[in-house]
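Working notes, beginning with the structure itself.
Here is how names work: the chains are called A, B, and so on, in the same order as the sequence lines, proteins then strands, and each is numbered from 1.
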2 protein chains.
Amino acid sequence: MTVQQDIHSSGIPVLCLSCEARHRGACGALDPDHLVGLAKTSWRHKIEPGVKLIGDAEAVDSYSNVLSGVVKLTKSLSDGRQQIVGLQFAPDFLGRPFKVESPINAEAATVVSLCSFPKAAVERIMKEAPELEHRLFKQTLIELDAAREWMVTVGRRTAPEKVASFLLTIARNIDRTVDPAARSARFDLPLTRVDIADFLALRFETVSRQLTRLRADGIIRIENNRHVTVDNMSRLEQRCGG
Amino acid sequence: MTVQQDIHSSGIPVLCLSCEARHRGACGALDPDHLVGLAKTSWRHKIEPGVKLIGDAEAVDSYSNVLSGVVKLTKSLSDGRQQIVGLQFAPDFLGRPFKVESPINAEAATVVSLCSFPKAAVERIMKEAPELEHRLFKQTLIELDAAREWMVTVGRRTAPEKVASFLLTIARNIDRTVDPAARSARFDLPLTRVDIADFLALRFETVSRQLTRLRADGIIRIENNRHVTVDNMSRLEQRCGG
DNA sequence: CGGAGACTTGACTTATATCAAAGCGTGTGG
DNA sequence: CCACACGCTTTGATATAAGTCAAGTCTCCG
């Protein structure tokens, strides 16, 4: 799909006008000219849960913005043991700059909608517009902070603390437009019990047991396996173990 | 210590001439003018093992290049549980750009020598010389890849696999000038058993047991607790579990 | 030589994994 | 519309890898 240009809206392509990636994501770094150039070669698409976006050690020839849904980033050992090493929410930028092969797998955890670009186009604009590289650098630093924070959870928290921490990070990221200091939250879990286990380095049975414990203790309510309500976020925070 | 300028060496400050950070590190991005400007405000110093360089949530007003030794990056829970979330070797750049407070602790694991700069000087030059920001971006991406790789080890490898993986990453990083594909290696462990345990999310007793097992199996030799010899790297690699 | 910190080793405990079975919800075909 | 099948989840019983507690030993230094 090629994007139409609307010369009456400061030259910003129509599809970009209300796009989250332009408001809070990588495209916010671009002036109208670059936006038009990139939009010409971009395409939006929808991906079903479980579909692989990027394979470990595979060449990738496009970058994407996550417009909605959740992407899981995973790494695997040769015998099949798997670890989720990151989650990407809207409006994160997906792709590894300066490297032909991705060091990780990326897979749609939910229905995901993406706006994708040819790798070459992004890299050309990155050279012309240092502000784009600057934004991507900042996002990468935030991802690094998150990865290290998650290492503490995976390595040093107990199973109950891990599950509570997981719920907290989902609550804070699933809809980043809501106040991160909100005292209550409702959301659909973007991951199955197996996925959550792969994220926390647990077994899915353990995840299930910890969720029923949180439910029994009145900290969360769960409807239809996926829909979670947290009435009192601070009680959940207390279960994260410092 | 302020650095003398030697106008006969293409204007490169003498101390920088043979510096690893200029050859393979962040300073390689700088032209002689910027190098001189930065060198004027830089200072080299030596740090004893165990000395804290940066505190979690503390303001930092300097950046550094690691010239020798190993720096451990840690995060802690309020009850004292600790996780090492990264190691920095020469000539890595130490510091979190674009943020006043560090999200982690940094501590000298061995004797460390640093070349430090005022934060403001680095940030000013980063604006003038996009190549510097570009290098730091690349290092950050490499650190992110390493953090994610390490998450797999912490989360999904067994204790024997963890210790073997640890030895492998030390062998490959302690002296980056040697061929990473070398078939044998000798090195001093930069970390105590307690530190290794904090890196691998194990207890130090477990680390000790796994090391004696590797020794009993003839994969490694250990002298004086710290000095390790690996005659056959591929046998060590086989113990890392894919 | 002696003392302190780092390390090893052994005996026992425990959190989480593993194995097994049954429950639930959703979509499909009869 | 029912039923049946499939994937996901819960729950229970048991096993085990790693943790904990407790001596000791080794090394390095003063």
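A:Arg22 is linked by a salt bridge (Lys or Arg N to Asp or Glu O under 4.0 Å) to nothing, counting only residues two or more places apart in sequence or in another chain. Under the side-chain contact (heavy atoms from CB on, under 4.5 Å) criterion, B:Asp145 pairs with A:Arg96, A:Lys99, A:Pro103, not counting sequence neighbours. Residues passing the side-chain contact (heavy atoms from CB on, under 4.5 Å) test with A:Ala164, sequence neighbours excluded: A:Leu236, A:Arg239, A:Cys240. Every residue two or more places apart in sequence or in another chain was checked for a salt bridge (Lys or Arg N to Asp or Glu O under 4.0 Å) with A:Arg203, and none qualifies. With sequence neighbours excluded, the residues satisfying salt bridge (Lys or Arg N to Asp or Glu O under 4.0 Å) with B:Asp231 are B:Arg221. A:Asn173 is linked by a side-chain contact (heavy atoms from CB on, under 4.5 Å) to A:Phe89, A:Thr169, A:Arg176, counting only residues two or more places apart in sequence or in another chain.
Taking the nucleotide of DNA chain C with the nearest heavy atom to each of A:Asn225 and A:Arg203, the more 5' of the two is matched to A:Arg203.
Rotation axes derived from the C1' atoms of the five outermost pairs at either end of the helix from C:dC1-D:dG30 to C:dG30-D:dC1 lie 30° apart, to the nearest 10°.
In this structure, A:Glu143 pairs ionically with B:Arg148, as a charged nitrogen and a carboxylate oxygen lie closer than 4.0 Å. Salt bridge status for A:Asp198 with B:Arg156: present, with a side-chain N to carboxylate O gap under 4.0 Å. Taking the charged nitrogens against the carboxylate oxygens, A:Arg183 and A:Glu237 have no contact shorter than 4.0 Å, which rules out a salt bridge.
Closest non-hydrogen pair, B:Trp43 versus B:Ser62, comes out as CH2-CB, 4.0 Å. In terms of heavy atoms, B:Ala109 sits closest to B:Leu191 at CB-CD2, 3.5 Å.
A donor-acceptor pair under 3.5 Å is formed between the side chain of B:Gln139 and the backbone N or O of B:Phe93.
The line from OG of A:Ser64 to CD of A:Gln88 is 10.0 Å long, rounded to the nearest 0.5 Å. Between the CG atom in A:Asp188 and the CG atom in A:Asp175 there is a gap of 12.0 Å [rounded to 0.5 Å].
Where DNA chain D meets chain B (any atom under 4.0 Å from a heavy atom), the bounding nucleotides read 5' to 3' are D:dA18 to D:dC28. Chain B approaches DNA chain C over the interval C:dC7 to C:dA11, counting the first and last nucleotide 5' to 3' with an atom under 4.0 Å from its heavy atoms.
Side-chain contact annotation: B:Ser113 with B:Ser68, donor-acceptor N/O pair under 3.5 Å present.
Near DNA chain D, meaning a heavy atom under 4.0 Å away, there are no residues from residues 154-166 of chain A. Sorted by residue number, the list of members of residues 72-89 of chain A with any non-hydrogen atom under 4.0 Å from DNA chain D is empty. For the contact set between residues 206-222 of chain B and DNA chain C, defined by any heavy atom under 4.0 Å, the members are B:Ser208, B:Arg209, B:Thr212, B:Arg215.
Close placement of the A:Phe199 and A:Trp150 rings is indicated, their centers lying within 6.0 Å of each other.
Counting non-hydrogen atoms of other residues, nucleotides and ligands closer than 6.0 Å to CZ of B:Arg186 gives a total of 12 or fewer.
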